Every structure is written in structure tokens, then in C-alpha cells.
Asker: 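For reference, the structure I am asking about is given below.
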Amino acid sequence: FFTHTTPYEILSGLVGSEMCIRDSCTGHAGRNALEHFVNHGHEVHALVRPHHISNLKERENVKWIAGDFSDSEIISDSAYNCDAVVHIGASHDEHMESLDTNFISSVTEAFDKTGKVFITTSASVVYNDTKGVPRDESEPIENPHPLRAWRARHDLEVVGLSSRGIRGASVRPGLIYGNAGGWLTGLIFRARETGKSLHIGEGTNLVSSVHVNALSDLYLKIVTNESAQGIYNAASDEVTCSKDYATLIADYFGPNIEVVCWPLEEAREAMGELADLSCIECIITSERARSELGWLPIAPSVATELSIGSYRTDELIPYSH
């Protein structure tokens, strides 16, 4: 999204985040970030797929902009009128890399030599298998995951925009959850429909996670801290694995849901490359954001959210395109 000064005006793409199981909720991270920025006094210009515009209500300090990541002119014009851009999106298809390239180029054109801030959203999977050792933001990544090596390149491209007078930052979140949305919601719907709570392969690979509220706060801290730039990992201290949350879904969203191992080959047929990305062991540390920005990712854990939290108490937010 794009943001304007009251004190800031922000442009945002309200689409899904990386490293999600196939059924993750489009707009989960962007939607929550929008609420967080507006609640802190900012005006948000939100880029939304055109067919969603008619379903959105007018609201104070939010301007809906019909467009997608291929609309270079719309992105550039919207960014030009804003003070910051927070790019929270991916198309999750064969065009994802090229669309991300287009979005970055369009914002760069609008922000050239302005001193404005441009934040993109990457993914922890760029680090590839961390083999149980928490990974920080140190560069270079010697062996980025081949399916997401382009993300590592784009991260460095945005950070390098300082040479063009743009304060660039890239956020690398772990698995994003919370507020009854995202990838967990997709898994819950699937389990209820099929009676099977799936995990791919053994499902024991550990991954870092971050609550969507904490992630939203990190975006805000980067925008409003004039010294913030570079790459920031985004994760709490919690690590989780798909077998654990598949078991929690079976326990709390039944009856008659069984935990089932989904063979990787079958998962690939349904999910494509996301199946392989979901099997990476990826643990990251977010010490840089904590020490430099005072970011505190304090939030309910995945287990808490599934057992007694928002996924149990609130209306689940379905996946949409």
C-alpha cells in the first residue's frame, strides 16, 4: 500500500504473503497492516484487484485503488502522491517474479531522488534450509533456495536504492498467522471439507513464525524510523512444524478429522513449488529489528491461536482471488 502524511500516506498492495500453504488467505498481511497504519493516524492508499473494489466500503483515511502489479502507470502515479510504499504481495503463480520486478521498477521511477521510503516483503525461505541454526540478515546468502533466489536479488535491489535517494527496506517474515486468517484458515477449511488435516511428508521441519499484528507493527516502525533501512527478519521466538498444527486442527476443528501425511509428490501436483518450499527447515532470528527499532513480537502463539484464540473465537476469513 501507499501512505500519505497524516503523518504518513502509504500505498499498499493487499495480496498474500510468501511461504504460505496453497489455501492461504489473499490479503491477510496487507489487510491487517492497513488497519494498523490507519489506527496509528496514517492515510492509506490501498491497491486492490479491480473485481474486489465493488465489495469494499468507503472509510475514513483509506483510498481504494483498482489495479494489480502489472499496472505500471497506476503504481507509479499512486506512489508519486504518497510518502511511503509498503509492498506486501505476491501473485503466487508463474508471473510472480516478473510482477514483482514491475512493481519495484514502477515505485523506483516515482521515488527517484525523493528520500521517500519503500518497503518490500520477501520471505524467510530465501535462506534455504538453515539446518536448525537461526539465520540473521548477514549477506550474502551463499545458497538461496533455487525457487526463491530471485527474491534474494530483489531484496538487495531495493536496499540498494539508497544510491538513488530512496530509503529501501525488505522484510523477511516467517510463517504469518493470526486474526483468523492466512494459511491456517485454508488448512482448517480443507480439513473440515475432507475430514483430513494434512501435513506434507513427515511434517517435522521447524520453521519460524510471526503473528500478523507483530508484522504490521514492524512495517510501521520501519516507515516512521528515518534511520531504518536494509533487510529485517520478522519472527517471534516460536518455531513450529506442520505436523503440530495439523494435529491441533484435527483436535479443535472436528469432529472426525484425522491427521494425514500428504506425500510430497501428491502435494506438488496440487500446490506446485509451494509444496517444496513448505518442506524447508527455516529458522530465523529477528534481533536486528528488536535492537535497532525496539520491535517486540509479543503475540499469541500458533498453538494458542488454534486452541483458544482467533481461529476459535472469530469468523474465519476465507481465501479469495
Side-chain angles (χ1 to χ4, degrees), residues 1-18 26-27 29-31 33-34 36-37 42-50 62-92 95-123 126 148 150-173 215-216 218-232 234:
F1 50 72
F2 309 78
T3 180
H4 218 16
T5 43
T6 53
Y8 274 94
E9 186 166 4
I10 305 165
L11 168 66
S12 170
L14 300 186
V15 295
S17 57
E18 186 67 270
T26 295
R31 183 168 47 246
L34 181 149
H36 193 67
F37 274 83
H42 303 277
E43 181 178 329
V44 174
H45 294 196
L47 186 68
V48 183
R49 291 185 179 93
V62 176
K63 179 180 179 180
W64 305 116
I65 301 171
D68 60 38
F69 293 158
S70 66
D71 296 324
S72 302
E73 186 174 351
I74 291 174
I75 294 168
S76 290
D77 290 347
S78 300
Y80 182 81
N81 294 314
C82 294
D83 305 297
V85 170
V86 185
H87 176 29
I88 313 177
S91 61
H92 300 297
H95 306 297
M96 183 161 62
E97 179 180 355
S98 62
L99 290 174
D100 201 63
T101 298
N102 186 68
F103 192 94
I104 292 171
S105 298
S106 300
V107 174
T108 300
E109 178 182 346
F111 274 14
D112 196 27
K113 298 180 176 60
T114 63
K116 294 179 179 181
V117 58
F118 178 26
I119 303 173
T120 60
T121 304
S122 182
V126 298
R148 290 297 178 266
W150 63 268
R151 271 211 181 280
R153 294 194 300 270
H154 286 191
D155 293 350
L156 296 181
E157 179 182 346
V158 171
V159 171
L161 292 176
S162 59
S163 64
R164 300 185 61 170
I166 300 170
R167 180 160 63 88
S170 182
V171 175
R172 291 174 177 163
L215 179 61
S216 299
L218 179 56
Y219 289 127
L220 179 62
K221 281 179 163 46
I222 296 172
V223 167
T224 57
N225 186 323
E226 294 183 358
S227 65
Q229 63 180 45
I231 294 170
Y232 294 93

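Just so it is clear, the structure is predicted and the values come from calculations on it, not from any experiment. These numbers come from the heavy atoms of this one structure, side chains and all, not from hydrogens, waters or symmetry mates. Numbers here simply count residues along the sequence, with the first being 1.
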Asker: On a heavy-atom basis, which atom in R167 and which in V223 lie closest, and how many Å separate them?
Answerer: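 Closest heavy-atom pair between R167 and V223: NH2-O, 2.9 Å.
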Asker: How long is the span from the OG atom in S76 to the CG atom in D112, to the nearest 0.5 Å?
Answerer: 11.0 Å
Asker: Calculate, to the nearest 0.5 Å, the distance between atoms CG and NE2 belonging to N102 and H95 respectively.
Answerer: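 Separation between the atoms: 13.0 Å.
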Asker: Distance check, rounded to the nearest 0.5 Å: L220 atom CG versus H42 atom NE2?
Answerer: 5.0 Å
Asker: K63 side chain to E43 main-chain N or O, any donor-acceptor pair under 3.5 Å?
Answerer: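 No, the answer is negative, given that no donor and acceptor are paired below the 3.5 Å cut-off.
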Asker: Can you check whether F103 reaches T120 side chain to side chain, under 4.5 Å on heavy atoms?
Answerer: no
Asker: Give, for atom CG of L34 and atom NE2 of H36, the distance between the pair rounded to the nearest 0.5 Å.
Answerer: 11.5 Å
Asker: For residues D68 and I75, report the shortest heavy-atom separation together with the two atoms involved.
Answerer: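 That would be O-CD1, 3.8 Å.
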Asker: Would you compute the distance between atom OG of S216 and atom CZ of F37 and round it to the nearest 0.5 angstrom?
Answerer: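 Rounded to the nearest 0.5 Å, the OG-CZ separation comes to 8.0 Å.
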Asker: Test side-chain contact (heavy atoms from CB on, under 4.5 Å) on I231 and L156; report intermediate values, then the result.
Answerer: CA-CA 8 Å; I231 294 170; L156 296 181; 4.1 Å; yes
Asker: Look up atom CG in L161 and atom CZ in R164, then write down how far apart they are to the nearest 0.5 Å.
Answerer: 7.0 Å
Asker: Search all heavy atoms of A33 against all heavy atoms of Y219 and return the closest pair with its distance.
Answerer: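 Looking at all heavy atoms of both residues, the shortest contact is CB-CD1, 4.3 Å.
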Asker: Under the side chain to side chain contact (heavy atoms under 4.5 Å, CB included) test, which residues partner D100, sequence neighbours left out?
Answerer: H87, I104, W150, R151, H154
Asker: On a heavy-atom basis, which atom in F111 and which in V117 lie closest, and how many Å separate them?
Answerer: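 Residues F111 and V117, closest heavy atoms: CE2-O, 3.3 Å.
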Asker: Could you report the tightest heavy-atom contact between T114 and A110, atom names first, then the distance?
Answerer: CG2-O, 4.0 Å
Asker: So, for A66 and L47, which heavy atoms are closest and what is the spacing to 0.1 Å?
Answerer: C-CD1, 4.4 Å
